Protein chains: 2
Amino acid sequence: MPVTLADIARELGVSKMTISRAINNHPLINTETRERVLEVARRMNYQPNQYARALATNRSYLIGIVVPDLMNLYFAEVARSIEAVARPAGFQLLICSTEEDPTRELDEVEILLQRTDGLIISSVLPPTETKAYRKMIKDGAKIVLVDRTMKNLRCPAVATDNVEVGRLATEHLISLGHRRVGHLRGDASSVSTERLEGYKQSLAKNKLRLDGSLVRACGLLESEGYEAMRLWLKEPDVPEAIFAVNDPTAVGAMKAMEEAGLRAGRDIAIVGAGNIHYGDMLRVPLTTVSWSRGEMGQQAAHMLIHQIESGSPVKSKQIILPPELIVRSSCGVKPTAKIRSSVRLEGHAMKR
Amino acid sequence: MPVTLADIARELGVSKMTISRAINNHPLINTETRERVLEVARRMNYQPNQYARALATNRSYLIGIVVPDLMNLYFAEVARSIEAVARPAGFQLLICSTEEDPTRELDEVEILLQRTDGLIISSVLPPTETKAYRKMIKDGAKIVLVDRTMKNLRCPAVATDNVEVGRLATEHLISLGHRRVGHLRGDASSVSTERLEGYKQSLAKNKLRLDGSLVRACGLLESEGYEAMRLWLKEPDVPEAIFAVNDPTAVGAMKAMEEAGLRAGRDIAIVGAGNIHYGDMLRVPLTTVSWSRGEMGQQAAHMLIHQIESGSPVKSKQIILPPELIVRSSCGVKPTAKIRSSVRLEGHAMKR
DNA sequence: TTGCTGGGAGTTACCGGTAACAAATAGTCT
DNA sequence: AGACTATTTGTTACCGGTAACTCCCAGCAA
């Protein structure tokens with residue numbers, strides 16, 4: 001039914017190859033012939049068959065994106081910035097959400113590798129589980145990790161310094177005078193692990209004892225932060241300040257607080273990470289640690305496209321974006337707090 | 001490099017066809033042979049080449065999704081619910097964001113049709129611009145419209161009753177005693193047009209004059225709502241209540257109000273539409289009109305998949321989801337307000 | 001024994017492009 | 001004129017699957 005190269009060739013009385021050359025702007029073709037072909041192609045509304053092209057060239061011009069959660073605006077923003085780079089380069093995006101499920105991630109990746117030129121993955125695997133990816137990369141898979149990286153995996157990656165994220169958040173809470181600083185520590189992913197590490201470092205540096213009861217595991221989803229906090233609030237000795245592993249869990253935790261009649265920033269200080277959109281518009285504007293999601297997506301896209309276009313140089317460049325603290329009011333900031341260099345004060349925190 | 005059917009065939013000393021049959025669970029194959037083939041395939045880590053399969057069968061098991069804005073959680077939720085249906089059915093998602101740009105939409109759709117089995121589109125075209133889609137559908141394209149439909153286009157669709165959305169929002173504001181009820185009316189899309197119609201109907205029904213200065217056009221993005229409101233606030237005679245065409249613009253407008261030292265729900269009442277995630281966690285919880293995004297995505301996915309699997313029955317079924325008002329506090333609701341049937345009271349609006 | 005039946009495997013052609021090489025044509029050089 | 005070159009077009013084979021058809025052979029009835 002659809003028009004093929006052969007149809008146009010017949011119409012013009014030339015060979016398929018001539019048409020193919022014209023369509024692809026091949027240098028070895030008469031300019032005049034090309035014009036004529038393109039004219040007819042347009043008239044017949046020719047659309048190249050992407051399957052056939054991909055089969056012949058082994059290039060699909062598709063980039064696969066694997067994110068943990070589409071409903072997390074953080075990843076929506078990363079995806080959008082990838083698209084901003086990929087589109088002009090002629091690539092389209094195949095997006096998958098793993099819902100923070102490692103098994104699902106591996107399944108999806110396996111399938112996506114078959115139909116894309118390369119993948120940008122924000123992995124939810126534990127950072128030590130590199131076996132599967134190691135094998136894929138050895139077999140020629142083009143992969144770039146974003147946001148969540150894996151130690152010991154020779155693979156290009158863009159992320160932030162998550163230990164520093166943990167330190168910035170925790171030290172800010174400590175600097176505000178809190179002594180019982182707790183942590184909603186997420187899961188076993190690299191991100192969670194590193195932020196936890198930063199949290200520990202800060203406690204140590206300030207001679208605060210790391211009390212097991214101060215740390216609670218939860219997932220990385222808002223609902224999980226909510227649930228963890230809801231349970232925590234039923235116990236005695238809830239910490240006076242909390243560093244939540246990311247913004248969605250922080251939001252969830254704040255919801256739980258509200259339901260318990262508590263107010264973030266007044267009764268319990270809380271700091272998130274990721275600087276999601278809407279964070280500054282929340283009931284209690286969320287103090288958070290931020291780095292550029294746009295930069296993240298763009299860099300990842302550039303690295304992947306470069307890798308695709310240039311064969312496979314396997315330069316495993318790792319880009320680390322610097323995090324900065326954004327002080328709003330969920331941390332209950334006092335105007336007298338000492339503000340360090342990587343801190344930005346915003347909106348409501350200014351009120352005195 | 002990757003393993004092909006031929007490789008396995010050679011290994012086993014049989015023909016490609018036998019392998020193909022085994023892989024696809026073809027009925028005309030000896031069960032024992034199949035076992036043997038599958039065993040070897042697994043051992044060799046065979047992954048079928050999707051391009052080749054798609055070329056031969058003209059089926060890609062890809063569904064294209066075209067949404068106006070990935071950063072709008074509304075669409076993220078629709079996309080997620082589409083995925084929830086499509087995945088188990090063996091389909092993957094190719095997602096495109098048009099950034100509310102009609103030209104871009106047509107470009108993308110053209111390309112996506114070439115590499116997918118069907119499209120789910122939330123169109124940003126003016127509702128009368130049906131020519132392009134009409135042609136594609138005639139040529140066999142399988143398309144389902146979601147959220148934003150087009151009049152006079154024989155095509156399955158899922159949407160809400162947007163005239164009713166406009167009425168619910170506007171009448172609520174009127175019922176609260178406001179007389180100068182304004183409208184941020186979005187763009188020329190079907191959604192905006194119909195909500196505007198609902199707004200007009202409500203004014204008429206309540207014997208209120210439709211004053212041109214009460215209606216302001218803006219896009220559908222948060223940034224555009226912000227900008228429109230910012231300018232509006234510089235003029236005299238800003239309305240005392242505003243129905244914003246959707247939640248993002250309402251949020252943008254609230255930002256502009258805050259910057260001007262005004263507070264939504266106290267100085268200016270505002271109602272949005274769409275019930276985005278976070279709407280209830282905002283500084284001023286957003287009163288909005290809601291319908292099920294999950295239902296929307298699921299129904300659309302079902303209709304498209306049915307259409308794909310069954311050839312093309314072209315039943316242009318249109319599903320309309322009922323909207324309901326969700327009262328929070330951005331409308332400045334007074335506890336005495338009469339509440340009608342399709343209204344839900346939430347959280348802060350309950351305080352008295 | 002012959003002929004028929006049907007399950008199971010093989011053959012061939014094709015899906016719609018592209019790479020690599022061959023061929024034709026025109027123009028140039030000696 | 002003959003050989004050579006450059007430019008443009010055509011031929012052939014192949015990418016990795018699948019549909020449709022053919023073929024083979026065991027089992028069984030006549």
Side-chain angles (χ1 to χ4, degrees), chain A residues 1-38 40-41 44-62 90 111 113-117 139-140 309 311, chain B residues 1-38 40-41 44-62 90 111 113-117 139-140 309 311:
Chain A
M1 190 68 139
V3 181
T4 71
L5 282 192
D7 296 330
I8 306 182
R10 204 175 313 115
E11 179 83 10
L12 279 163
V14 297
S15 76
K16 271 170 42 171
M17 217 41 228
T18 302
I19 312 297
S20 172
R21 291 197 179 101
I23 301 282
N24 294 305
N25 265 310
H26 193 98
L28 289 181
I29 191 175
N30 185 298
T31 314
E32 200 177 282
T33 313
R34 171 165 45 228
E35 297 303 326
R36 221 152 29 94
V37 171
L38 291 182
V40 174
M44 297 177 74
N45 191 30
Y46 168 74
Q47 301 286 113
N49 181 317
Q50 301 296 341
Y51 314 143
R53 202 196 287 252
L55 178 58
T57 61
N58 203 30
R59 283 287 299 277
S60 64
Y61 287 95
L62 282 180
I111 300 175
L113 279 176
Q114 297 310 310
R115 38 175 35 152
T116 59
D117 291 339
D139 291 350
E309 313 265 65
Chain B
M1 190 75 131
V3 182
T4 70
L5 283 191
D7 296 329
I8 306 182
R10 204 173 317 114
E11 179 84 9
L12 280 163
V14 298
S15 75
K16 274 172 36 172
M17 216 43 227
T18 303
I19 314 297
S20 172
R21 290 195 180 104
I23 302 281
N24 295 305
N25 267 310
H26 193 97
L28 287 181
I29 190 174
N30 185 298
T31 314
E32 201 177 283
T33 313
R34 169 163 48 223
E35 297 303 328
R36 222 153 27 93
V37 171
L38 291 182
V40 175
M44 298 178 74
N45 191 29
Y46 169 75
Q47 300 286 113
N49 181 317
Q50 301 297 338
Y51 314 143
R53 202 197 288 253
L55 179 58
T57 60
N58 204 28
R59 283 286 299 276
S60 62
Y61 288 96
L62 282 179
I111 300 175
L113 279 175
Q114 297 309 310
R115 40 174 34 153
T116 60
D117 290 340
D139 291 351
E309 312 263 65

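Computation of the quantities below employed the complete heavy-atom set of this structure, encompassing side-chain atoms and omitting hydrogens, waters and symmetry-equivalent molecules. Because the structure is a prediction, the values reported are computed rather than measured. Letters A, B, ... mirror the listed sequences (proteins, then strands); counts begin at 1.
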Could you tell me the separation between the [atom1] atom of [X] and the [atom2] atom of [Y], rounded to the nearest 0.5 Å?
{"X": "Leu62(A)", "Y": "Leu62(B)", "atom1": "CG", "atom2": "CG", "value": "7.0 Å"}
{"X": "Asn45(A)", "Y": "Asp139(B)", "atom1": "CG", "atom2": "CG", "value": "7.5 Å"}
{"X": "Thr4(B)", "Y": "Asn49(B)", "atom1": "OG1", "atom2": "CG", "value": "9.0 Å"}
{"X": "Lys16(B)", "Y": "Arg21(B)", "atom1": "NZ", "atom2": "CZ", "value": "12.5 Å"}
{"X": "Asn30(B)", "Y": "Leu28(B)", "atom1": "CG", "atom2": "CG", "value": "11.5 Å"}
{"X": "Ile29(B)", "Y": "Asn24(B)", "atom1": "CD1", "atom2": "CG", "value": "10.0 Å"}

Over how many whole Å does the gap from [X] atom [atom1] to [N] atom [atom2] extend?
{"X": "Gln114(B)", "N": "dG17(C)", "atom1": "CD", "atom2": "C1'", "answer": "13 Å"}
{"X": "Glu32(B)", "N": "dA9(C)", "atom1": "CD", "atom2": "C1'", "answer": "14 Å"}
{"X": "Tyr46(B)", "N": "dG16(D)", "atom1": "OH", "atom2": "P", "answer": "10 Å"}
{"X": "Gln47(A)", "N": "dG16(C)", "atom1": "CD", "atom2": "P", "answer": "14 Å"}
{"X": "Asn49(B)", "N": "dC14(D)", "atom1": "CG", "atom2": "C1'", "answer": "13 Å"}
{"X": "Arg34(B)", "N": "dG7(C)", "atom1": "CZ", "atom2": "C1'", "answer": "13 Å"}
{"X": "Arg59(B)", "N": "dA19(D)", "atom1": "CZ", "atom2": "P", "answer": "11 Å"}
{"X": "Gln50(A)", "N": "dC15(C)", "atom1": "CD", "atom2": "P", "answer": "18 Å"}

Please list, for nucleotides 18-20 of chain C, all pairs of protein and nucleotide N/O atoms separated by less than 3.5 Å.
| residue | atom | partner | partner atom | Å |
| --- | --- | --- | --- | --- |
| dT18(C) | OP1 | Asn24(A) | ND2 | 3.0 |
| dT18(C) | OP1 | Arg53(A) | NH1 | 3.3 |
| dT18(C) | OP2 | Ser20(A) | OG | 2.3 |
| dT18(C) | OP2 | Asn24(A) | ND2 | 3.3 |

Open item on the list: Need one value for Leu28(A): base, sugar-phosphate or nothing, where a base atom within 4.0 Å counts as base even if backbone is also close, heavy atoms only.
Closed with: base

TODO: Answer with base, sugar-phosphate or nothing: what part of the nucleic acid does Thr4(B) contact at a heavy-atom distance below 4.0 Å?
DONE: sugar-phosphate

Task: Short side-chain N/O contact to dT11(D) OP1/OP2 from Ser15(A), under 4.0 Å - done: no

Task: Residue whose closest nucleotide on DNA chain C lies nearer the 5' end, Asn30(B) versus Leu55(B) - done: Asn30(B)

Task: Heavy-atom closest contact (Tyr46(A) atom, Leu5(A) atom, distance) - done: OH-CD2, 3.5 Å

